[in-house]
Amino acid sequence: MTALGFLSPGPSAADDYPRIEQLLGSDIRLDLVRTDRPAEGVEQLRLAGVEAVVWVCADEGVAPDPDTARNRLRDLATTAGVPASSTPFAFVRAAREIDAMPVAVSASGTPEETARFAEFLRAGGLEVVGDTGAGPAEPTDGGEEAGGDEEAALLALARAADDPRARAVLLPDPDLSTAAHLPALEAALGKPVLTASQVAVWEALRLTDRRVHAPELGALFTREPIVQV
């Protein structure tokens, strides 16, 4: 059993993690703890025996410079006693993993917040050819009809920033529930779509040297596994 830990300051699409856990297989467990301060939630994850921790918050790493963000993650890893990362770094690594450069960014935050995230990606070596901040996303209730509305809203968000030159579209808002819609979004756009919950889980797996083939989670999870020497 591989146990992976996630820290979040808000709802962070909590329903995505059980869905992703089910798609990954029976030997992977995903534990999500909600907290405004990463260090305060680490103890709960440490006691649960997680092997990696990811801070699921697009603002972490965006407000400070990348070096400051790395130092914060080192502190988090030291406290947790396991490797640690955050979603901004996960987006950079995931885009490189699928050779998706340049990228487009569409967020449900303000244009200023989206621009800061785009600058973080550029500092990580990615080319950003389109970015937009559409304002807070409207929540949806459960049910089939609501699920259709949710998918339509996600597709509209992605298309708002998409650019013919972009090889992937990034949706960095950690509160968006996207796991159920990734295949449909990628089919509609004709390119990979990277989202917060998706890249957070991928990053945690990477930190534990796990690769899982799960095409239901998009192009990011259909790469050939690393051959262990």
Practice problem: Could you pull out the closest heavy-atom pair between Ala52 and Ala204, with the gap in Å? | Solution: CB-O, 3.9 Å

Quiz prompt | Rounded distance (nearest 0.5 Å) linking atom CD of Glu216 with atom CD1 of Ile20 | solution = 11.5 Å

Exercise. For the residue pair Thr195 and Leu176, establish whether any side-chain heavy-atom pair is separated by less than 4.5 Å.
Key: no

Exercise. With the side chain counted from C-beta on, respond yes when Lys191 and Asp162 share a heavy-atom pair under 4.5 Å apart, and no when they do not.
Key: yes

Exercise. Check whether any side-chain N or O of Thr222 sits under 3.5 Å from a backbone N or O of Pro215 as a donor-acceptor pair, and report yes or no.
Key: no

Exercise. Would you confirm whether the ring centroid of Phe91 sits within less than 6.0 angstrom of the ring centroid of Phe120?
Key: no

Quiz item: So with a 6.0 Å cut-off around CD of Glu43, is the heavy-atom count from everything else above 12?
Solution: yes

Practice problem: Would you mind reporting whether Leu194 and Ile98 have side-chain heavy atoms less than 4.5 Å apart? | Solution: yes

Quiz item: Checking Glu127 side chain against Met101 main chain: does a donor-acceptor pair fall under 3.5 Å?
Solution: no

Self-check item: Contact summary for Pro88 and Phe117, nearest pair of heavy atoms
Solution: CA-CE1, 4.1 Å

Exercise. For the pair Thr87 (side chain) and Val56 (backbone), establish whether a donor and an acceptor sit closer than 3.5 Å, ignoring hydrogens and angles.
Key: no

Quiz item: Any link between Val129 and Val193 through a network of hydrophobic side chains (Ile, Leu, Val, Met, Phe, Trp, Tyr) touching at under 4.5 Å?
Solution: no

Practice problem: Nearest 0.5 Å please: distance from the CG atom of Asp31 over to the CG atom of Leu7. | Solution: 10.5 Å

Self-check item: Heavy-atom side-chain proximity of Leu45 to Val82 below 4.5 angstrom
Solution: no

Exercise. With the side chain counted from C-beta on, respond yes when Leu155 and Leu189 share a heavy-atom pair under 4.5 Å apart, and no when they do not.
Key: yes

Self-check item: Pairwise distance CG(Asp163) to OG(Ser106) - rounded to 0.5 angstrom
Solution: 12.5 Å

Quiz item: Closest heavy-atom contact between Val199 and Ala94?
Solution: CG1-CB, 3.9 Å

Quiz prompt | Minimum-distance pair of heavy atoms, taken over all atoms of Ala161 and Thr132 | solution = CB-CG2, 3.4 Å

Exercise. Measure the spacing between OG1 of Thr2 and CG of Leu207 and express it to the nearest 0.5 Å.
Key: 12.0 Å

Quiz item: Between Leu121 and Leu170, is any pair of side-chain heavy atoms under 4.5 Å apart?
Solution: yes

Quiz item: From Glu151 CD over to Thr178 OG1, what is the distance, rounded to the nearest 0.5 angstrom?
Solution: 11.0 Å

Quiz item: Hey, does the side chain of Glu186 reach the backbone of Ala219 with a donor-acceptor pair shorter than 3.5 angstrom?
Solution: yes

Practice problem: For the pair Glu21 (side chain) and Leu30 (backbone), establish whether a donor and an acceptor sit closer than 3.5 Å, ignoring hydrogens and angles. | Solution: yes

Exercise. Heavy atoms only: give me the nearest Val53-Ala80 pair and the separation to one decimal.
Key: CG2-CB, 4.1 Å

Quiz item: Does some side-chain heavy atom of Leu205 sit less than 4.5 Å from a side-chain heavy atom of Leu24?
Solution: yes

Practice problem: Could you tell me whether Arg210 and Glu51 have a side-chain N and a carboxylate O separated by less than 4.0 Å? | Solution: no

Practice problem: Tell me yes or no: between the side chains of Glu203 and Ser85, is some donor less than 3.5 Å from an acceptor? | Solution: yes

Quiz item: Have Arg72 and Ser86 got a donor and an acceptor in their side chains that come within less than 3.5 Å?
Solution: no

Exercise. Heavy atoms only: give me the nearest Ala14-Pro18 pair and the separation to one decimal.
Key: O-CD, 3.0 Å

Quiz item: Are the side chain of Asp16 and the backbone N or O of Gln198 linked by a donor-acceptor pair below 3.5 Å?
Solution: no

Exercise. Could you grab the distance from atom CG of Leu171 to atom CG of Leu185, nearest 0.5 Å is fine?
Key: 7.0 Å

Quiz item: Do Val50 and Leu4 come close enough that some side-chain heavy atom pair is under 4.5 Å?
Solution: no

Exercise. Kindly indicate, with the supporting measurements, whether the criterion side chain to side chain contact (heavy atoms under 4.5 Å, CB included) is fulfilled by Leu126 and Arg96.
Key: CA-CA 8 Å; Leu126 300 187; Arg96 289 174 176 169; 4.1 Å; yes

